[in-house]
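Below is one structure, written out as structure tokens; the observations come after it.
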Protein chains: 2
Amino acid sequence: MTASPADTEADWLRLDRQICFALHAASRAFNGVYRVVLKDLGLTYPQYLVMLVLWEQGDLPVKKLGEQLRLDSGTLSPLVKRLEAAGLVRRERSAEDERSVRVHLTEEGTRLRERALEVPRRIMRSTGFDLAEIADLRSRLDRLTGALDAAATAQARPGD
Amino acid sequence: MTASPADTEADWLRLDRQICFALHAASRAFNGVYRVVLKDLGLTYPQYLVMLVLWEQGDLPVKKLGEQLRLDSGTLSPLVKRLEAAGLVRRERSAEDERSVRVHLTEEGTRLRERALEVPRRIMRSTGFDLAEIADLRSRLDRLTGALDAAATAQARPGD
DNA sequence: CACAACTAAGTTGTGCACAATTAAATGGCC
DNA sequence: GGCCATTTAATTGTGCACAACTTAGTTGTG
């Protein structure tokens with residue numbers, strides 16, 4: 001006698017609880033560690049992500065920032081305004097296309113990079129993972145994200 | 001001549017951008033797929049997590065729910081109130097300890113479980129991962145969360 | 001008993017995520 | 001040139017996460 005269908009389904013629910021909780025909790029735990037480390041810099045975790053992109057790629061329009069970080073203007077507009085209020089960036093309407101707003105690093109924003117250089121190692125120590133494990137986890141997560149995004153897109157436009 | 005320290009540090013920043021973005025994005029992508037699947041049930045992703053715990057373990061005080069999900073009353077109080085407004089749970093002050101509020105499933109909340117049984121498989125399909133990969137990812141994430149929580153605790157209480 | 005220490009929920013304030021909408025600018029097309 | 005679809009930001013509204021604080025109930029100790 002095998003398990004009844006109802007039991008099997010219940011097992012799925014339990015498994016689902018485990019996996020979605022694992023990812024949810026990992027994300028929040030990561031966020032929490034960054035919160036502590038970034039407090040010295042006066043940045044939140046998403047603000048740090050924006051600064052990382054700007055440090056790496058230079059000034060960008062909000063649109064490009066959003067593509068890099070998969071965030072829309074509803075999230076980025078107020079976030080960038082807070083960075084501007086903190087004196088780390090300036091927002092400037094593009095002259096050639098006045099719809100576009102380019103985000104520039106200020107002197108202070110550029111200087112902050114020096115202090116941010118120590119962040120990654122402090123985080124690495126907190127994870128207890130070595131470089132190979134981090135890289136492996138990253139590739140799995142990227143694959144997962146890609147599959148999930150594709151699935152979401154497929155559901156949004158079933159006929160495509 | 002090896003790379004200068006500055007270059008090495010810059011590499012760390014780039015790596016950090018990659019890994020923290022990977023986890024952040026994976027979490028949001030997961031959230032997005034659940035959002036679509038759970039819309040039929042009228043639940044958000046965190047509300048679904050609460051319901052999963054209640055379906056599995058029966059009625060619980062808010063305190064216990066918070067321990068299971070690592071969420072505090074600031075998050076849970078309004079969330080549970082919304083579940084109550086939706087008719088899925090009732091909140092009742094405990095008679096023996098009037099500080100405690102026990103969350104009970106209503107008839108409707110219990111019935112919703114039947115409809116939720118299909119959720120996990122729809123999610124699994126979206127991930128494109130098989131059971132073994134899911135289990136493996138989960139164990140890595142749990143280990144990561146454990147290490148991060150431990151590190152956060154150590155930083156909060158350096159002398160312990 | 002009285003009072004301090006602790007505990008469980010709830011409240012307030014800040015910031016992020018995202019859907020839906022709006023506003024302004026641009027570009028194509030007749 | 002006039003009109004319309006598209007694009008870029010910003011705004012509005014809902015919900016979650018979390019820190020800090022408040023309120024009310026409980027427990028331990030003198």
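Chain identifiers are assigned alphabetically (A, B, ...) following the order of the sequence lines, protein sequences preceding nucleic acid strands; residue numbering begins at 1 within each chain.
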**Asked** Mind checking who D:dA5 pairs with, Watson-Crick or G-U wobble, both distances under 3.5 Å?
**Response** C:dT26
**Fill in**
Contacts satisfying salt bridge (charged side-chain N to carboxylate O under 4.0 Å, His left out) that involve residues 44-62 of chain B (not counting sequence neighbours) are A:Arg17-B:Glu56
**Prompt:** By a strict heavy-atom criterion of less than 4.0 Å, which residues belonging to residues 91-102 of chain B are in contact with DNA chain C?
**Reply:** B:Arg91, B:Arg93, B:Arg99, B:Ser100, B:Val101
**Message:** If you compare all heavy atoms of A:Ala22 against all heavy atoms of B:Asp142, which two are closest, and at what distance to 0.1 Å?
**Reply:** CB-OD1, 3.5 Å
**Fill in**
In whole angstroms, the gap separating P of C:dG15 from CG of A:Leu38 amounts to 15 Å
**Message:** If I take atom OH in residue B:Tyr34 and atom C1' in nucleotide D:dG15, what distance separates them, rounded to the nearest angstrom?
**Reply:** 19 Å
**Message:** Just to be sure I understand the rule, does B:Thr44 reach a base, reach only the sugar-phosphate, or reach nothing, if contact means heavy atoms closer than 4.0 Å?
**Reply:** sugar-phosphate
**Request:** Please identify each residue that fulfils side chain to side chain donor-acceptor pair (under 3.5 Å) with A:Arg28, with sequence neighbours left out.
**Result:** none
Compile the donor-acceptor pairs under 3.5 Å between side chains in residues 30-43 of chain B and protein atoms, sequence neighbours left out, one pair per line.
unit_1	atom_1	unit_2	atom_2	d
B:Tyr34	OH	A:Asp16	OD1	2.4
B:Tyr34	OH	A:Asp16	OD2	3.2

**Prompt:** When all nucleic acid strands are considered with a 4.0 Å heavy-atom cut-off, which category describes B:Leu71: base, sugar-phosphate, or nothing?
**Reply:** sugar-phosphate
**Asked** Between atom NZ in A:Lys81 and atom P in C:dT14, what is the gap in whole Å?
**Response** 17 Å
**Message:** Expressed as a whole number of angstroms, how long is the span from A:Asn31:CG to C:dT14:C1'?
**Reply:** 14 Å
**Prompt:** For B:Glu67, which residues count as a side chain to side chain donor-acceptor pair (under 3.5 Å) partner, sequence neighbours excluded?
**Reply:** none
**Message:** If the condition is side chain to side chain donor-acceptor pair (under 3.5 Å), which residues does A:Arg70 pass it with, not counting sequence neighbours?
**Reply:** A:Asp149
**Message:** Using whole Å, what does the distance between atom C1' of nucleotide D:dG15 and atom NZ of B:Lys39 come to?
**Reply:** 15 Å
**Complete:** Here the distance between atom P of D:dA17 and atom CG of B:Leu79, to the nearest Å, is 7 Å
**Asked** A:Glu133: what forms a side chain to side chain donor-acceptor pair (under 3.5 Å) with it, not counting sequence neighbours?
**Response** B:Arg143
**Message:** Under the rule for side chain to side chain contact (heavy atoms under 4.5 Å, CB included), what residues qualify as partners of A:Arg90, not counting sequence neighbours?
**Reply:** A:Glu92, A:His104, A:Thr106
**Request:** Classify the side chain of A:Ser73 and the base of D:dA10 as holding, or not holding, a donor-acceptor pair under 3.5 Å.
**Result:** yes
**Prompt:** When the distance from CG of B:Asp72 to P of C:dA8 is rounded to whole Å, what number comes out?
**Reply:** 13 Å
**Asked** At their closest point, which heavy atom of B:Arg91 faces which heavy atom of B:Val80, and how far apart are they?
**Response** CD-CG1, 3.4 Å
**Message:** Please classify the nucleic acid contact of B:Ser77 as base, sugar-phosphate, or nothing, using heavy-atom distances under 4.0 Å.
**Reply:** base
**Prompt:** Counting only non-hydrogen atoms, which of residues 49-70 of chain B are less than 4.0 Å from DNA chain C?
**Reply:** B:Pro61, B:Val62, B:Lys63
**Request:** Starting from P on D:dT11, measure out to CG on A:Leu76 and report it in whole angstrom.
**Result:** 14 Å
